[in-house]
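Side chains are part of it too, since the values below use all heavy atoms of this structure and drop only hydrogens, waters and symmetry mates. When a ligand or atom number is given, it counts from 1 through the structure's own listing order. In what follows, residues are counted from 1 in the order of the sequence shown.
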Amino acid sequence: MKGWTRMSFKYLNPKKAPVFKDRFTTKVNEQIKRYETGDKGEVGIVGLPFSKSSISASLASDAPASIRRALGSVTTYSGERDRDFADVPVLDFGDVPAHPTDGRENLVRMETSVREMIESKTCERYIMLGGDHGVSFPSISAFQKQFGRVGVIQWDAHHDLRNLNDGGRTNGTPFRSLLEAEIVRGEDLVQIGIRDYANAKAYADYARQQGVHVYTMGDVEGRGILPIVAAELKRLKEHVDIIYLSVDMDAVDQAYAPGCPAIGPGGLTGRELLSSVASAARDPLVKAMDIVEVDPSKDFRDMTSRLAAHVILRFMYT
Ligand code: CA
């Protein structure tokens, strides 16, 4: 009709994706609010999309986006506990912008951003979305400066204690750097899921010399992961100020987490990872967690991002 202008649409909505909405179901991404000054939350989330210094080719820098997307396909209701966690306030602080070439500058940006987030004292606990494992160095440094002595429980197939002479600071060196800079003490570092034929003797020896508490997959098979986590929490709590969980998704078997740069057999099951993170997160001293080494470009049907999203639920909904 000539001269006629339509003011609204019956079905089209340019502002919203046409996603099916069930009135009784809350998806986790609906619960997460973008942080604005003055907001208070229970859990704060920040993205650290950095993977240029990865030893193997990695697009783990895309993981914060894919993990957030995966949070759109899970709900806030735990049937096992018959509890809906939609009332837990979760704030998203966004992603730290990367400098395209300056790795040192990126470490500063990450530490500064994590520090600013925790200094704002808006949340009780925090989740850092990597990135490769290199992001744990600036992130744990920020927590140490704010809170004091930090105990770290690391889920990982690898020690990440490589020397810095061969390649500088990479995703293979974060815990070496933390120990050498005396940001974390050897006895305060716990490594769970260390796998055969994925490490070098020099680094296992270094871990022993430093007093790191190392649990191999053999230990996990023999003792069970829950008793290991319980014993280490009890020990750490006697002398640290806070506990930081560092979850490298390659601790999980390639069957459950195919989207990591360094996949392999003989790792944890998805269930072992979820139940152990849940049991650790219930401890009031556990204030932070990072999730690293998810590379969406290598993933299959977002399996690894989905598992990472479930790790986040186990941490958030205690
Ligand atoms: Ca690692």
Side-chain angles (χ1 to χ4, degrees), residues 48-61 63-64 67 103 107 110 127-141 150 152-164 166-180 183-184 186 188-200 202-204 206-207 210 212-217 219-220 225 244-254 256-268 272-273 276-277 280 288-296 298-299 304-305 307-308 311:
L48 307 175
F50 298 84
S51 55
K52 278 193 178 157
S53 56
S54 175
I55 292 170
S56 47
S58 172
L59 278 178
S61 49
I67 295 171
L107 291 173
M110 283 190 269
I127 298 170
M128 278 57 62
L129 303 176
D132 68 30
H133 219 153
V135 309
S136 299
F137 173 62
S139 177
I140 292 172
S141 300
V150 182
V152 178
I153 303 180
Q154 173 195 354
W155 282 255
D156 207 325
H158 313 95
H159 291 293
D160 289 0
L161 295 169
R162 284 181 196 269
N163 79 83
L164 278 88
D166 288 333
R169 215 182 282 286
T170 66
N171 62 335
T173 64
F175 297 97
R176 180 81 171 228
S177 301
L178 287 164
L179 294 175
E180 287 186 356
I183 293 163
V184 174
D188 296 346
L189 176 59
V190 179
Q191 303 188 318
I192 302 175
I194 299 297
R195 232 178 278 172
D196 255 6
Y197 312 116
N199 295 281
Y203 302 126
Y206 179 83
Q210 295 289 321
V212 177
H213 283 225
V214 174
Y215 295 91
T216 64
M217 279 310 300
D219 296 322
V220 170
I225 195 162
Y244 182 110
L245 313 181
S246 187
V247 180
D248 184 328
M249 294 294 287
D250 73 23
V252 180
D253 193 283
Q254 62 188 3
Y256 305 91
C260 300
I263 56 167
L268 299 173
E272 280 173 325
L273 177 66
S276 57
V277 167
M289 175 178 74
D290 64 40
I291 302 180
V292 297
E293 298 291 343
V294 175
D295 178 347
K298 295 183 170 63
D299 211 357
T304 315
S305 290
L307 182 56
V311 170

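One finds the OH atom of Y244 at 12.5 Å from the CG atom of L189 (value rounded to the nearest 0.5 Å).
With the Ca ion (ligand 1) at the apex, D156 OD1 and H133 ND1 define an angle of roughly 120° (rounded to 10 degrees).
Legend: residues meeting side-chain hydrogen bond (donor to acceptor under 3.5 Å, both in side chains) with T170, ordered by chain and number and at least two apart, are absent. The side-chain hydrogen bond (donor to acceptor under 3.5 Å, both in side chains) search around D196 returns none, not counting sequence neighbours.
At a cut-off of 3.0 Å, D160 is counted among the residues with an N, O or S atom near the Ca ion (ligand 1). Look at D250 and the Ca ion (ligand 1): no N/O/S atom of the residue is under 3.0 Å from the metal.
D248 has its closest N, O or S atom to the Ca ion (ligand 1) at the position named OD2.
Proximity of a side-chain donor or acceptor of R195 to a complementary backbone N or O of D156 within less than 3.5 Å is not detected.
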